Amino acid sequence: QVHLVESGGGSVQAGGSLRLSCVASEFTDSTYCMGWFRQAPGKVREYVARIYTNSRNTYYADSVKGRFTISQDGAENTVYLQMNSLKPEDSAIYYCAATSSRAVGDYRDPATYVSWGQGTRVTVSS
């Protein structure tokens with residue numbers, strides 16, 4: 001499993017931006033799927049975005065498409081989530097997750113991922 005550490009959360013006003021980082025201990029090969037999820041109080045963990053470390057292909061939840069961008073710095077084993085035009089409903093704890101790009105399952109389902117970070121809190125005020 002990969003050890004993941006998130007950072008970059010904080011408090012911003014609606015319309016503001018934040019960039020989250022997820023540093024992986026190491027990628028033993030280049031075929032990972034790295035995902036961002038979020039969980040608000042009293043709600044289930046929700047898929048946000050994912051990136052494949054070999055192809056760099058990216059995919060987004062409809063709720064964040066056009067506002068969030070997931071990217072990767074392969075040299076630093078780091079995945080980023082740039083969040084723009086933030087809304088109060090984006091407030092949550094954001095988690096980074098990793099799994100093999102060959103894993104069987106829905107990559108929007110948290111159960112498909114085998115490694116998780118500790119989470120970083122994002123609060124957006126209106």
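Quick caveat, the model's predicted, so the values are computed rather than measured. These numbers come from the heavy atoms of this one structure, side chains and all, not from hydrogens, waters or symmetry mates.
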### Message
Has E6 got a side-chain atom pairing as donor or acceptor with C22's backbone, closer than 3.5 angstrom?
### Response
no

### Beyond-backbone contact of V79 with W36, side-chain heavy atoms, under 4.5 angstrom
yes

### Message
Does anything in residues 108-126 form a salt bridge (charged side-chain N to carboxylate O under 4.0 Å, His left out)? List the pairs, not counting sequence neighbours.
### Response
D106-R108

### Query
Any idea which heavy atoms bring Y47 and Y59 closest together, and the distance?
OH-O, 3.2 Å

### Query
Which atoms form the tightest heavy-atom contact between L18 and L86, and what is the distance?
N-CD1, 3.9 Å

### Query
What residues form a side-chain hydrogen bond (donor to acceptor under 3.5 Å, both in side chains) with E46, not counting sequence neighbours?
R38

### Message
Checking K43 now: which residues fulfil side-chain hydrogen bond (donor to acceptor under 3.5 Å, both in side chains) with it, not counting sequence neighbours?
### Response
none

### Task
For S125, enumerate each residue passing the side chain to side chain contact (heavy atoms under 4.5 Å, CB included) test, keeping only those at least two apart in sequence or located in another chain.
Q13

### Query
Do any N or O atoms from the side chain of S91 and from the backbone of T123 form a donor-acceptor pair under 3.5 angstrom?
no

### Task
Compare every heavy atom of G117 with every heavy atom of Y95, then report the nearest pair and how far apart it is.
CD2-O, 3.7 Å

### Summary
By side-chain hydrogen bond (donor to acceptor under 3.5 Å, both in side chains), R56 pairs with (sequence neighbours left out) Q72

### Task
Identify, with sequence neighbours excluded, every residue that meets side chain to side chain contact (heavy atoms under 4.5 Å, CB included) alongside S115.
Q1, V2, L4, A98

### S101 side chain to T31 backbone, donor-acceptor under 3.5 Å
yes

### Query
Hey, what do you get for CZ (R45) to CZ (F37), rounding to the nearest 0.5 Å?
8.5 Å

### Query
Taking all atoms of both residues into account, what is the closest heavy-atom pair of C33 and Y113, and its distance?
SG-OH, 3.6 Å

### Task
Identify the heavy atoms of A103 and T112 that sit nearest to each other, and give their distance.
CB-CG2, 4.2 Å

### Query
Ion pair present between D62 and K65, side-chain N to carboxylate O less than 4.0 angstrom?
yes

#### Entry: No-hydrogen, no-angle side-chain donor-acceptor test under 3.5 Å, T78 and D73
no

### Task
For the residue pair L81 and Y94, establish whether any side-chain heavy-atom pair is separated by less than 4.5 Å.
yes

#### Entry: Heavy-atom side-chain proximity of V124 to K87 below 4.5 angstrom
no

### Heavy-atom pair with the smallest gap, counting every atom of A40 and A92
N-CB, 3.8 Å

